[in-house]
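All values below were derived from every heavy atom in this structure, side-chain atoms included, with hydrogens, water molecules and symmetry-related copies excluded.
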Amino acid sequence: MRNIKRITEVMKIWNCKRALGLLKQIYRENLFSAVLSLIVIILLAVVGVMPSFLIGKIIDMAAAGRIDGLFMLNVGLILALGGGKILEIVQEYITAESSISVANSLTDRIMERLMHAETAWLSGQKRGEILQAVSDDVETVKRISVSTLPQFLYMLLVAVTSTVTIARVYYPVYPLYLLPLGKNSRMQENAERSLRDVKAKNRGFIIETFENIKDIKIYGAEQASTEVFGGLQEQWSEDIKQKYVAVNMFKSVPRVLAALGPALVYIFAGIAVIHGNLSIGSVVTLAALLPKLSEPIRAYSGFYIDINVVEKIGEKFQQFLSAPREIQYDLPEREMAFDTVANK
């Protein structure tokens, strides 16, 4: 029951309001690229399933000894495959352009605010956190906004497009993919959060160590500093280990289902073929579509973790972007004259 409750919580990504707000702002600032990317993704989803249908039809027509229309189906297959590759290239170009724009925009906004932040406030901030924000955090938000989210949307659209066919017999297998989500999502979430924090501490420690290297040498604290750094490295390694354990534990069930799920479907498909309710070509189409059906739900765990990472990053961005500004004093311009100046 607790696991089911956790799964229900995980499915509610709209609770990550700060992350969704940040992504919404990014897409608003890059509206043209976002709309163009969405159009290409929709076309890719439609074109992506066409070859499976066409191959199934070609096999059925060849098995029946029908030649009429076979040539046009093969032409359609070539066009679908070629069109898909062209759309992929276009999508890659949009992703590259958007990546540069998103990274530059976020970095410029954060740095501009920090440069004009109140000195006392800025002095109280951890340098490792600032470095983490303008480097890895910006890179993470960029990756999720221009790659992870569009890719997940593409997989979802392909799955939806595929379900209008006989592939819907795969529905009963879907809930099984969610079983490990409840427990492992929390483990991944905690490991990801801890990993980010220890990376920031690590970077901050390195910066501060070499800034104060003279004092460290004067007081003979080289060994102590090395031990502190070693402790941070051990924590980093432990967090990475926990992250990969959680990820692999989540993937284990989908891997088993990826092997057993299709086998169960083929049993029903074979029975349907024997009774004349399904053609051989339809079974081939089904075989091609099955992996696409499970892709979104297998990718959801990682997508959920990414959204929660952006939620954490958005909180840090908000802290920096709302930093109090240094008070600027506009001094009046006055002319100065020296009447009695003598050199002695």
field: Value rounded to 0.5 Å, distance of CG in Leu43 from CD1 in Ile86
entry: 12.0 Å
- prompt: Are the side chains of Val141 and Phe317 in touch, meaning some heavy atoms are under 4.5 Å apart?
  reply: yes
Pair Asn30-Ser101, side-chain donor/acceptor within less than 3.5 Å: yes
query: Could you go step by step and tell me if Ile307 and Phe152 meet the side-chain contact (heavy atoms from CB on, under 4.5 Å) rule?
result: CA-CA 12 Å; Ile307 289 294; Phe152 180 75; over 6 Å; no
- prompt: Can you name the nearest heavy-atom pair linking Lys17 to Glu311, along with the distance?
  reply: N-OE1, 3.6 Å
message: Show, in sequence, the C-alpha distance, side-chain angles and deciding distance for Trp121 and Leu114, and conclude whether the side-chain contact (heavy atoms from CB on, under 4.5 Å) test is met.
response: CA-CA 10 Å; Trp121 179 91; Leu114 291 175; 4.0 Å; yes
- prompt: Between CD1 of Ile130 and CG of Asp137, what distance do you get to the nearest 0.5 Å?
  reply: 12.0 Å
query: CD/Gln25 to CG/Leu23 distance, rounded to the nearest 0.5 angstrom?
result: 10.0 Å
query: Can you name the closest pair of heavy atoms from Val40 and Leu87 and give their distance?
result: CG1-O, 3.6 Å
- request: May I ask whether Val35 and Phe32 are part of the same hydrophobic cluster, defined by side-chain heavy atoms of I, L, V, M, F, W, Y residues being less than 4.5 angstrom apart, directly or through others?
  value: yes
field: Any donor-acceptor N/O pair, Ser52 side chain to Thr285 backbone, under 3.5 Å
entry: no
query: In Å, rounded to the nearest 0.5 Å, how long is the span from OG of Ser225 to NZ of Lys217?
result: 10.0 Å
message: According to a hydrophobic-cluster definition based on side-chain heavy atoms being under 4.5 Å apart (Ile, Leu, Val, Met, Phe, Trp, Tyr only), do Ile206 and Leu131 belong together?
response: no
field: Heavy-atom closest contact (Asp306 atom, Thr148 atom, distance)
entry: OD2-CG2, 3.4 Å
message: Check whether Asn212 reaches the backbone of Glu208 with its side chain - one donor and one acceptor, N or O, closer than 3.5 Å.
response: yes
query: According to a 4.5 Å side-chain heavy-atom criterion applied to Ile, Leu, Val, Met, Phe, Trp and Tyr, with indirect links allowed, do Leu106 and Met115 form part of one hydrophobic cluster?
result: yes
message: Between Glu92 and Lys85 (salt bridge meaning N to carboxylate O under 4.0 Å), is one present in this structure?
response: no
- request: Check the pair Val146 / Ile26 against side-chain contact (heavy atoms from CB on, under 4.5 Å), numbers first and verdict last.
  value: CA-CA 10 Å; Val146 304; Ile26 289 173; 5.8 Å; no
- prompt: Side-chain heavy atoms under 4.5 angstrom apart, residues restricted to Ile, Leu, Val, Met, Phe, Trp, Tyr: same cluster for Leu36 and Val47?
  reply: yes
message: If you define the side chain from C-beta out and look only at heavy atoms, does anything of Asp197 sit under 4.5 Å from Lys312?
response: yes
query: Any idea which heavy atoms bring Leu54 and Ala80 closest together, and the distance?
result: CD1-CB, 4.4 Å
- request: Flag the pair Thr95 / Gln91 as yes when at least one side-chain heavy-atom distance between them is below 4.5 Å, and no otherwise.
  value: yes
- line: Rounded to the nearest 0.5 Å, the CG atom of Leu232 sits from the OG atom of Ser237 at a distance of 11.0 Å
- request: Check Ala45 against Tyr154 and note the closest heavy-atom contact, atom names and distance.
  value: N-CE1, 3.7 Å
query: Is the count of non-hydrogen atoms from other residues, nucleotides or ligands lying under 6.0 Å from Lys201 atom NZ greater than 12?
result: no
field: In one Ile/Leu/Val/Met/Phe/Trp/Tyr side-chain cluster, 4.5 Å: Leu44, Tyr93
entry: no
query: Hey, are Ser33 and Glu97 close enough side-chain-wise for a donor-acceptor pair under 3.5 Å?
result: no
- prompt: With a cut-off of 6.0 Å (strictly less than), are more than 12 heavy atoms of other residues, nucleotides or ligands near NZ of Lys316?
  reply: yes
- prompt: Can you check whether Arg113 reaches Arg109 side chain to side chain, under 4.5 Å on heavy atoms?
  reply: no
Side-chain donor-acceptor pair present, Gln319, Glu129, cut-off under 3.5 Å: no
query: Taking atom NZ of Lys142 as the centre, does the number of heavy atoms from other residues, nucleotides or ligands within less than 6.0 Å exceed 12?
result: yes
- prompt: Under 4.5 Å between any side-chain heavy atoms of Ile144 and Thr140, yes or no?
  reply: yes
- line: Of all heavy-atom pairs linking Ile94 and Ser37, the shortest is CG2-CB, 4.0 Å
Separation of Leu79 CG from Met50 CE (nearest 0.5 Å): 8.5 Å
task: List the steps and the verdict of side-chain contact (heavy atoms from CB on, under 4.5 Å) for Asn202 and Gln235.
output: CA-CA 10 Å; Asn202 209 329; Gln235 183 61 47; over 6 Å; no
